[in-house]
Amino acid sequence: MADRDDFAQWYQDLVYKTELADESPVRGCMVIRPYGYALWENMVRLLDDRIKATGHENAYFPLFIPRSFLEREAEHVEGFAPEVAWVTRAGKEELAEPLFVRPTSETVIGHMYAQWVQSYRDLPLLYNQWANVVRWEKRTRPFLRTTEFLWQEGHTVHRTEDEAQAETMLILQQVYQDFLEKELAIPVIAGLKSESEKFAGALRTYSLEAMMGDGKALQSATSHNLGQNFARSFDIKFQDSDGEVKIAWTTSWGASTRMVGGVIMVHGDTSGLRMPPRVAPIQAVIVPIWRKDEEREAVATLVAEVEGSLRAAGVRVKSDWREERPGFKYSHWELRGVPVRIEIGPRDAQNGQVVLVPRTDRSDKRTVAREAVAERVSALLAEIQQTLYDQALEFRKGRTYTANDYEEFQTLMADRDRLGFVEAWWCGDAACEAQIKAETQATIRCLPLEQPEGNGACVHCGRPSSAWAVFAKAY
RNA sequence: CGGGGUGUAGCGCAGUUGGUCAGCGCGCAUGGUUUGGGACCAUGAGGCCGCCGGUUCGAAUCCGGCCACCCCGACCA
């Protein structure tokens with residue numbers, strides 16, 4: 001576990017050792033275990049709150065979709081066909097029309113929307129669904145890329161292009177960016193995807209890019225302005241107030257269990273996970289310490305009291321009464337990333353105090369009076385949440401570079417110990433982008449929303465460029 | 001789908017000139033001593049050595065075929 005030099009191995013070991021997930025009998029699929037699922041549930045709750053707060057409603061659409069639907073949007077087919085799983089038989093019967101397992105639901109939802117939208121008065125239509133999807137990827141990694149994964153996908157319909165664009169940005173920034181930064185303590189860069197990296201069938205794709213502990217980028221959420229592409233293919237039309245029949249504008253946006261991988265890779269350290277308190281399945285763990293029976297009794301009384309007051313204060317707390325030595329329990333919970341450890345031993349029972357130890361700094365032990373525990377733990381959780389964010393941002397800043405020429409660019413991308421984000425001008429030519437990828441493995445993660453003034457020379461070809469891009473190796 | 005690798009106890013591995021080669025560490029069970037940073041002792045449970053076939057008196061070990069998984073690429077949230 002201490003070996004983070006082999007980051008991929010460190011990551012995988014951590015996922016399994018901490019019991020977040022386990023391998024399944026089916027290649028590329030994983031079992032999300034209770035500890036991992038509890039984390040996901042907390043993420044779902046906080047993200048769902050934001051989705052609803054911005055006016056969206058949840059619905060559910062079917063897992064199976066008729067083959068013909070996939071073929072309706074040309075770019076969409078091309079993009080997803082290679083990784084689609086098919087159902088061709090039910091029992092002994094061959095199906096008249098094969099069904100595919102949704103890799104995403106634009107098609108079936110578009111089909112339904114066409115029936116539900118008649119008038120401009122029906123708009124906007126703002127629905128979201130929480131679902132599983134299947135993409136038959138060649139190469140998988142737990143949470144980061146699994147054959148089946150869990151996510152939410154929002155699908156909206158609008159009257160005007162401006163409205164659709166506003167929705168796309170609202171989701172990107174007010175929903176996803178806010179969620180990632182405030183709840184997961186993961187700083188992200190919001191930006192526009194290049195043409196070659198955009199969603200199959202979209203007009204424009206925006207994403208949030210986060211830097212992992214090895215300097216690679218993880219696309220953590222995406223928001224697509226689909227323009228009228230899907231509306232045209234699926235016949236989503238409405239009669240406007242001027243009496244004219246118009247084609248609608250749609251968006252879609254998604255965030256998945258991949259974000260769990262982000263939490264691991266952004267915050268994890270050589271001792272294991274570091275759960276952001278806001279989503280930690282267990283925010284504080286009480287480790288009772290005793291030798292003799294009478295000590296245990298005195299300790300138990302204080303543990304019960306502290307546990308009660310923490311629970312009353314809304315803290316997710318657990319007492320670890322297992323017959324193990326304290327040191328064993330410390331490392332056990334550190335590995336699992338519990339933000340705060342509370343040690344309660346005979347000395348503490350005697351003095352009416354407890355010892356708080358933040359996961360972010362084990363040497364920072366704090367002795368707290370029993371009456372003040374709830375307040376102090378709550379404050380400490382907030383402090384840890386902030387510390388994790390600050391450290392992640394600091395790390396990203398330290399590994400973000402500006403490349404003035406291609407040689408410098410290549411040097412940066414080749415140095416494993418300094419690997420990170422490289423910002424540079426880009427001419428906008430897909431050929432240039434492809435060559436950079438072929439030569440350095442780095443891709444354009446996004447064109448950040450915040451663009452510098454003026455323009456410069458493309459880092460690859462030197463032609464005049466007005467686009468400022470973030471390049472990185474990506475997951 | 002190309003290149004490389006590995007299949008032996010729940011996990012990690014050793015054993016592969018054919019015959020005390022069914023073993024080690026961790027974990028697990030029971031009992032005891034321990035307990036403020038990953039304890040120790042004792043006693044146990046647990047494996048058709050990936051699968052199928054062949055060679056042989058005898059195969060984890062040699063031969064042939066198959067399967068699975070992992071790593072590195074191309075594809076991707």
Side-chain angles (χ1 to χ4, degrees), chain A residues 1-2 6 8-9 12-13 16-17 19 22-29 78-84 102-104 131-153 176 193 196-200 202 205-210 217-224 252-262 271-272 287-293 295-296 299 320-335 341-351 353-355 357 362-363 365 367 434 437-438 441 443 445 473-475:
Chain A
M1 190 59 51
D6 187 348
Q9 193 61 49
Q12 202 159 324
D13 287 351
Y16 297 136
K17 273 194 193 166
E19 298 177 327
D22 204 353
E23 291 166 321
S24 86
V26 181
R27 193 198 75 88
C29 294
E78 203 185 323
F80 280 102
E83 56 193 57
V84 162
R102 62 180 169 216
T104 179
N132 59 337
V133 289
V134 169
R135 298 182 187 180
W136 221 267
E137 306 282 1
K138 305 286 186 209
R139 200 155 165 234
T140 60
R141 296 161 179 276
F143 290 112
L144 300 175
R145 181 169 295 106
T146 46
T147 302
E148 177 189 5
F149 59 95
L150 307 183
W151 76 347
Q152 59 68 220
E153 49 178 324
Y176 289 150
K193 283 289 186 186
S196 60
E197 295 275 335
K198 79 173 187 192
F199 177 74
T205 289
Y206 296 86
S207 75
L208 297 172
E209 301 290 330
L218 185 75
Q219 181 174 310
S220 304
T222 50
S223 185
H224 316 290
S252 71
W253 27 277
S256 72
T257 35
R258 164 177 267 200
M259 290 187 295
V260 173
S271 300
V287 178
I289 298 156
W290 76 94
R291 294 179 207 214
K292 304 174 219 125
D293 282 351
E295 285 176 341
R296 183 185 162 121
V299 166
D320 184 358
W321 280 103
R322 289 177 301 167
E323 290 287 340
E324 297 287 354
R325 296 155 68 95
F328 176 88
K329 295 179 184 176
Y330 297 167
S331 54
H332 177 90
W333 295 112
E334 274 165 19
L335 180 69
R341 178 172 79 237
I342 304 173
E343 305 175 4
I344 302 181
R347 278 204 303 274
D348 306 305
Q350 181 107 41
N351 302 333
Q353 64 183 37
V354 305
V355 176
V357 186
R362 283 185 294 236
S363 64
K365 294 199 175 192
T367 302
K437 183 178 179 181
Q441 290 184 308
T443 50
R445 299 324 302 155
K473 293 186 183 175
Y475 276 97

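Every value quoted in this text rests on a predicted model; they were computed, and no experiment measured them. Naming convention: chains lettered A, B, ... in sequence-line order (proteins, then strands); numbering from 1 in each chain.
- The ring-ring contact (aromatic ring centres under 6.0 Å, His included) check on A:W253 picks up A:H56, with sequence neighbours excluded.
- Checking B:A77, B:U35, B:G36 against every side-chain atom of A:S256, the shortest atom distance belongs to B:A77.
- As judged by a 4.0 angstrom heavy-atom cut-off over every strand, A:K292 is placed among residues making no nucleic acid contact.
- Using a 4.0 Å heavy-atom cutoff across all strands shown, A:F149 reaches at least one base atom of the nucleic acid.
- The P atoms of B:G37 and B:G73 are separated by 43 Å, rounded to the nearest whole Å.
- B:C48 and B:A9: their C1' atoms are spaced 13 Å apart (whole Å).
- Rounded to whole Å, atom P of B:G37 lies 9 Å from atom CZ of A:R341.
- Between the CD atom of A:E295 and the C1' atom of B:U35 there is a distance of 10 Å, rounded to whole Å.
- A cation-pi arrangement, defined by a distance under 6.0 Å to the six-membered ring centre and an angle within 45 degrees of its axis, is absent between A:R258 and A:F149.
- Taking atom P on both B:C24 and B:G46, the two are 15 Å apart, rounded to the nearest angstrom.
- Partners of A:W321 under the ring-ring contact (aromatic ring centres under 6.0 Å, His included) rule, at least two apart in sequence or in another chain, are A:W290.
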Exercise for the section: List the steps, then state whether side-chain contact (heavy atoms from CB on, under 4.5 Å) holds for A:F328 with A:R322. Expected result: CA-CA 10 Å; A:F328 176 88; A:R322 289 177 301 167; 4.2 Å; yes

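- Of the C1' atoms belonging to B:U16 and B:A59, the separation is 10 Å, rounded to the nearest Å.
- Distance CD1 (A:I344) to C1' (B:U35): 17 Å, rounded to an integer number of Å.
- Nearest nucleotide to the A:K138 side chain, out of B:G36, B:A74, B:A77: B:A74.
- With sequence neighbours left out, the salt bridge (Lys or Arg N to Asp or Glu O under 4.0 Å) criterion links A:E19 to A:R33, A:R336.
- Taking atom CZ of residue A:R362 and atom C1' of nucleotide B:G38, one finds them 11 Å apart after rounding to whole Å.
- Across the C1' atoms, B:G5 and B:A77 are found 29 Å apart, a figure rounded to whole Å.
- Taking atom CG of residue A:D293 and atom C1' of nucleotide B:U35, one finds them 13 Å apart after rounding to whole Å.
- Listed pair A:Q12 / B:C71 meets the phosphate criterion, a side-chain N or O lying under 4.0 Å from OP1 or OP2.
- Searching all strands for a Watson-Crick or G-U wobble partner of B:A74 with both distances below 3.5 Å returns nothing.
- A:E295 and A:P346 make their closest contact through CD-CG, 3.7 Å (heavy atoms, listed as atom of the first residue, atom of the second, distance).
- Partner assigned to B:A45 is none, using Watson-Crick or G-U wobble distances below 3.5 angstrom.
- In this structure, A:T443 reaches neither bases nor backbone, as no heavy-atom distance under 4.0 Å exists between it and the strands shown.
- Taking atom NZ of residue A:K17 and atom C1' of nucleotide B:G38, one finds them 12 Å apart after rounding to whole Å.
- Counting any heavy atom pair closer than 4.0 Å across all strands shown, A:R322 reaches no nucleic acid atom.
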Exercise for the section: Could you walk me through whether A:T104 and A:R102 pass the side-chain hydrogen bond (donor to acceptor under 3.5 Å, both in side chains) test, one step at a time? Expected result: CA-CA 5 Å; A:T104 179; A:R102 62 180 169 216; over 6 Å; no

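- Straight-line distance between the P atoms of B:U17 and B:U61: roughly 12 Å, to the nearest whole Å.
- Nearest to the side-chain atoms of A:E137 among the listed nucleotides B:G37, B:U35, B:C75 stands B:C75.
- When Watson-Crick and G-U wobble pairs are counted only if both distances are under 3.5 Å, B:C40 pairs with B:G32.
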Contact list (N/O, under 3.5 angstrom) for nucleotides 39-46 of chain B vs protein:
residue : atom : partner : partner atom : Å
B:A39   : OP2  : A:R325  : NE           : 2.9
B:A39   : O4'  : A:R325  : NE           : 3.4

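- When Watson-Crick and G-U wobble pairs are counted only if both distances are under 3.5 Å, B:C51 pairs with B:G65.
- Pairing of B:A59, defined by two Watson-Crick or G-U wobble distances under 3.5 Å, is not identified with any nucleotide.
- Residue A:V287 is classed as having no contact, given no heavy-atom separation below 4.0 Å to the nucleic acid.
- Nucleotide B:G7 holds its P atom 16 Å from the CD atom of A:E23, rounded to whole Å.
- Residue-level contact check: A:G254 touches neither bases nor backbone, having no heavy atom under 4.0 Å from any strand.
- Closest to the side chain of A:Q441, from the set B:G73, B:U35, B:A77, is B:G73.
- In this view, A:E137 satisfies the salt bridge (Lys or Arg N to Asp or Glu O under 4.0 Å) rule with no residue, not counting sequence neighbours.
- Rounded to whole angstrom, the span from the OH atom of A:Y330 across to the C1' atom of B:G38 amounts to 12 Å.
- Under the ring-ring contact (aromatic ring centres under 6.0 Å, His included) criterion, A:F80 pairs with A:H76, A:F199, sequence neighbours left out.
- Both A:R291 and A:W151 sit near RNA chain B, but only A:R291 has its closest nucleotide nearer the 5' end.
- Across all strands shown, B:C26 pairs with B:G10; the Watson-Crick or G-U wobble distances both stay below 3.5 Å.
- Distance noted for atom P between B:G36 and B:A22: 43 Å (whole Å).
- Note on A:L144: a base of the nucleic acid sits closer than 4.0 angstrom, heavy atoms only.
- A:H224 and A:T205 get closest at one heavy-atom pair: ND1-OG1, 2.8 Å.
- Across B:G7 and B:C63, the matching P atoms stand 15 Å from one another, rounded to whole Å.
- Considering only side-chain N and O atoms, A:K437 lies nowhere under 4.0 angstrom from the phosphate OP1 or OP2 of B:G73.
- Between A:S331 and A:Q219, the residue anchored nearer the 5' end of RNA chain B, judged by the nucleotide with its closest heavy atom, is A:S331.
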